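Accompanying notes for the structure given below.
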Amino acid sequence: RNRILIFVPFFILILLFSSCKQKQETPKGNIKVVAIMSLSGEAKAFGQSCKNALELLSKHFSKKEIEIMYLDDENNKEKVEASLKALIAKEKVKAIILCSQGNSAETIAKIAADNEIIVINATATDIILGKVGKDFIYSLCYSNEFEGNALAQFTFEKLKFSTAAI
C-alpha cells in the first residue's frame with residue numbers, strides 16, 4: 001500500500017504537465033521539477049525510497065521531457081531555503097515534489113507560493129502548508145488536524161469512549 005502511495009504524486013505530476021499547453025514564446029526544452037527529500041540523516045531510508053520511485057517513473061515517461069532534480073533537505077530549513085532559491089533562479093523550476101518529513105516543508109511552501117510554483121506534497125501533514133502555500137500546494141495526505149478530529153470522532157461515536165490519554 002505504501003509503495004502505491006509513493007507513486008501517486010508522480011502520476012499526478014505527469015498528468016498535470018501532459019495536459020498543460022506550452023506558450024509559443026517559451027523555448028522548447030525539459031520541464032524542470034525539483035524533488036525535495038531527506039537523502040541523509042535519520043530519514044535517509046524514506047528519502048531514498050522516494051528517489052527510487054521517481055527514478056523508476058522517469059524511465060517510463062522519458063518522452064514527456066520532464067527533468068527531475070533531487071534536493072536533499074538535510075532536515076535543515078535554512079540550507080534548503082538557500083539551495084531551493086538558487087535552483088529556482090538558475091533552472092526555472094516549474095514544479096516541486098515534496099517528499100520531506102522534516103521541518104522544511106513550510107519554508108518550501110512559502111518559496112513556491114512566492115514564485116508561483118506548484119508543489120505536490122506527498123508526505124508533510126502540517127495544517128499551515130495549505131495556508132502558506134495558498135493555491136500552489138496540493139497535498140496527497142491528510143493534515144494532522146483532520147486525522148486528529150477523525151480519530152476523536154471515531155473513538156467517541158463508534159467505540160463509545162468519552163475520554164482518552166495519549
Side-chain angles (χ1 to χ4, degrees), residues 1-20 33-61 66 68-81 83-84 93-166:
R1 183 170 181 243
N2 289 340
R3 289 183 184 185
I4 292 171
L5 291 177
I6 289 174
F7 283 107
V8 170
F10 312 119
F11 286 122
I12 291 172
L13 184 67
I14 297 300
L15 291 173
L16 176 73
F17 286 119
S18 64
S19 64
C20 293
V33 177
V34 175
I36 302 172
M37 60 201 67
S38 295
L39 296 171
S40 60
E42 293 178 14
K44 178 181 178 179
F46 179 78
Q48 189 60 49
S49 68
C50 290
K51 183 177 180 184
N52 292 343
L54 275 171
E55 288 175 348
L56 181 64
L57 186 67
S58 67
K59 288 179 185 176
H60 293 288
F61 293 100
I66 296 175
I68 301 173
M69 298 170 282
Y70 300 97
L71 181 61
D72 184 3
D73 71 355
E74 300 178 30
N75 203 20
N76 183 323
K77 61 184 176 182
E78 289 81 19
K79 284 186 180 180
V80 79
E81 179 178 12
S83 299
L84 184 58
V93 173
K94 298 293 181 193
I96 296 171
I97 299 172
L98 181 59
C99 295
S100 178
Q101 295 178 322
N103 61 5
S104 58
E106 183 180 349
T107 303
I108 293 165
K110 284 180 185 176
I111 294 168
D114 291 344
N115 291 282
E116 298 183 350
I117 296 173
I118 295 170
V119 176
I120 300 197
N121 171 27
T123 56
T125 57
D126 194 346
I127 190 73
I128 195 75
L129 294 179
K131 296 173 185 172
V132 171
K134 298 174 185 150
D135 297 328
F136 297 97
I137 190 160
Y138 299 92
S139 292
L140 303 174
C141 54
Y142 294 115
S143 69
N144 293 333
E145 181 181 12
F146 179 85
E147 289 177 346
N149 288 336
L151 182 60
Q153 184 178 1
F154 172 80
T155 303
F156 183 74
E157 292 176 2
K158 300 290 183 192
L159 300 178
K160 305 295 184 203
F161 293 130
S162 59
T163 58
I166 297 177

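In this text, all values refer to a predicted model and were calculated from it rather than measured experimentally.
- For the side-chain contact (heavy atoms from CB on, under 4.5 Å) criterion with I111, the lone passing option out of N115, I108, D114 is N115.
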Exercise. Taking it one step at a time, do F161 and T155 satisfy side chain to side chain contact (heavy atoms under 4.5 Å, CB included)?
Worked result: CA-CA 6 Å; F161 293 130; T155 303; 3.7 Å; yes
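- N149 and Q153 share no side-chain donor-acceptor pair at under 3.5 Å.
- Put simply, CZ on F156 and OG1 on T163 are 10.5 Å apart, with the number rounded to the nearest 0.5 Å.
- When all heavy atoms of A35 and L54 are compared, the closest pair comes out as CB-CD1, 3.3 Å.
- The number of heavy-atom neighbours closer than 6.0 Å to CD of E42, taken from other residues, nucleotides and ligands shown, is 12 or below.
- Atom NZ of K77 is surrounded by 12 or fewer heavy atoms from other residues, nucleotides or ligands within 6.0 Å.
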Problem set entry | L39 and K44: CA distance, side-chain angles, deciding distance, side chain to side chain contact (heavy atoms under 4.5 Å, CB included) verdict | CA-CA 5 Å; L39 296 171; K44 178 181 178 179; 5.7 Å; no
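- Atoms OG and CG, on S40 and D73 in that order, are 7.5 Å from each other to the nearest 0.5 Å.
- Contact detail for C50 and M37: the closest heavy-atom pair is CB-SD, 4.1 Å.
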For this session: Step by step, work out the side chain to side chain contact (heavy atoms under 4.5 Å, CB included) result for K110 and T107.
Result: CA-CA 5 Å; K110 284 180 185 176; T107 303; 5.8 Å; no
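- Considering CG of L98 and CG of N121, their distance stands at 5.0 Å, rounded to 0.5 Å.
- T123 places a side-chain N or O within 3.5 Å of a backbone atom of S100 that can act as its donor or acceptor partner.
- Residues I96 and L84 meet the side-chain proximity criterion, which asks for heavy atoms closer than 4.5 Å.
- Between the CD1 atom in I118 and the CD1 atom in I97 there is a gap of 11.5 Å [rounded to 0.5 Å].
- At a threshold of 4.5 Å between non-hydrogen side-chain atoms, the residues F136 and I117 do not count as touching.
- Nearest heavy atoms, C141 versus A122: SG-O, 3.9 Å.
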